[in-house]
Protein chains: 2
Amino acid sequence: MDDDALDRIFKALGDPTRRRIIDRLRERPRQSLFEICALSFAQDGATLSRQAITQHLDMLEKAGLVRVEWSGRTKLHTLDAGPLRAAVGQWLQTHL
Amino acid sequence: MDDDALDRIFKALGDPTRRRIIDRLRERPRQSLFEICALSFAQDGATLSRQAITQHLDMLEKAGLVRVEWSGRTKLHTLDAGPLRAAVGQWLQTHL
DNA sequence: AGAATATGCAATAAAATCATTGCATGTCAA
DNA sequence: TTGACATGCAATGATTTTATTGCATATTCT
């Protein structure tokens, strides 16, 4: 876990929209982009465009926090807490 | 600890320069701006201007991660790990 | 095949971040 | 009281982030 990886992970966590996406993916894995958009609107009242959500998901994926799996024409997103654990374990724990 | 506070904390951690400042303040508290600048140069070889460091320290202070104390003409900075613990405790631990 | 569905790609544009430079202010010390 | 020291404030600019819009591609269903 190098410095750039820590950057990506902490930056990914530094946005409330992305934290809520993580919240929901933790409650239920394998959600499609449309499901995430619908829940963002239903639960947060957030009127974000689909592309905005896509870009957030891309960041989460590049940070290694979200894994992707294709099923036909739908892209299923699943939370991977591994990098989160690694980041906390390597960096945060020495500072607490 | 509201959403904005989490934003400030995680964004503060999302920059390598700030993480190294935290590292150093953890090893030794009550460091002045000049000390931090000097060590940034000596240890990292980073040629950051004094103002750049000042702005990073401001962000850390606004995130509640650094406490400040004046001693004459020098401003002493000290790490406060409390908000870090709170953020990890409230948000991260439910996701690990 | 044609229509509806689910997503990707690309070009913006506004706002925030990161770093710099120049000048000003307050404090200590000779 | 002058000079050196430690920091603050403000303006600027480059880069990144955040969100939008429009069009394209691929898959499923009838």
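Just so it is clear, the structure is predicted and the values come from calculations on it, not from any experiment.
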Taking side-chain contact (heavy atoms from CB on, under 4.5 Å) as the test, write out the residues that go with [X], two or more places apart.
X: B/R67; result: B/D80
X: A/A5; result: A/M1, A/D2, A/R8
X: A/R30; result: A/E69, A/L76, A/T78

Residue of the set A/Q31, A/Q43, A/H77 for which side chain to side chain donor-acceptor pair (under 3.5 Å) holds with A/R24: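 Of the listed options, the one satisfying the test is A/Q43.
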Close side-chain approach of B/E35 to B/T74, heavy-atom, < 4.5 Å: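 They are not in side-chain contact.
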Rounding to an integer number of Å, can you tell me how far [X] [atom1] sits from [N] [atom2]?
X: A/D7; N: C/dT17; atom1: CG; atom2: P; result: 15 Å
X: B/D15; N: C/dT17; atom1: CG; atom2: C1'; result: 9 Å
X: A/L33; N: C/dC9; atom1: CG; atom2: C1'; result: 14 Å
X: A/E35; N: C/dA6; atom1: CD; atom2: C1'; result: 12 Å
X: A/E69; N: C/dA6; atom1: CD; atom2: C1'; result: 15 Å
X: B/R18; N: C/dC18; atom1: CZ; atom2: C1'; result: 9 Å

side-chain contact (heavy atoms from CB on, under 4.5 Å) with A/L79: which of A/R28, A/R26, A/E27?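 The side-chain contact (heavy atoms from CB on, under 4.5 Å) with A/L79 is passed solely by A/R26 among A/R28, A/R26, A/E27.
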Count I, L, V, M, F, W, Y as connected when their side-chain heavy atoms are under 4.5 Å apart, and connections chain through other members. Are B/L39 and B/L65 then in the same cluster?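 No, separate clusters.
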Answer with base, sugar-phosphate or nothing: what part of the nucleic acid does A/T17 contact at a heavy-atom distance below 4.0 Å?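 Nothing, no heavy atom under 4.0 Å.
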Show the atom names and distances, to 0.1 Å, of all donor-acceptor pairs under 3.5 Å that link a side chain in residues 46-57 of chain A to residues at least two apart or in another chain.
residue: A/S49; atom: OG; partner: A/A52; partner atom: N; Å: 3.2
residue: A/T54; atom: OG1; partner: A/R50; partner atom: O; Å: 3.1
residue: A/H56; atom: ND1; partner: A/R18; partner atom: NH1; Å: 3.0

Candidates D/dT20, C/dA6, C/dG8 - which lies nearest the side chain of A/T54: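 So the side chain of A/T54 is nearest to C/dG8.
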C/dG8 phosphate, OP1 or OP2, under 4.0 Å from A/K75 side-chain N/O: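 Indeed, a polar side-chain atom of A/K75 lies that close.
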Just to confirm, is there a sub-4.0 Å distance from OP1 or OP2 of C/dT17 to any side-chain nitrogen or oxygen of B/H56?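 Checking B/H56 against C/dT17: no side-chain N or O falls below 4.0 Å of OP1 or OP2.
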Please give me every residue in residues 57-65 of chain A whose heavy atoms get under 4.0 Å of an atom in DNA chain D, ordered by residue number.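 Here the set is A/M59.
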In B/S/- notation (B base, S sugar-phosphate only, - none; protein heavy atoms under 4.0 Å), nucleotides 21-30 of chain C written 5' to 3' is BB----BB--
Start at the 5' end of DNA chain D and walk down; is the nucleotide closest to B/W70 or to B/K11 reached first?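 This one resolves to B/W70.
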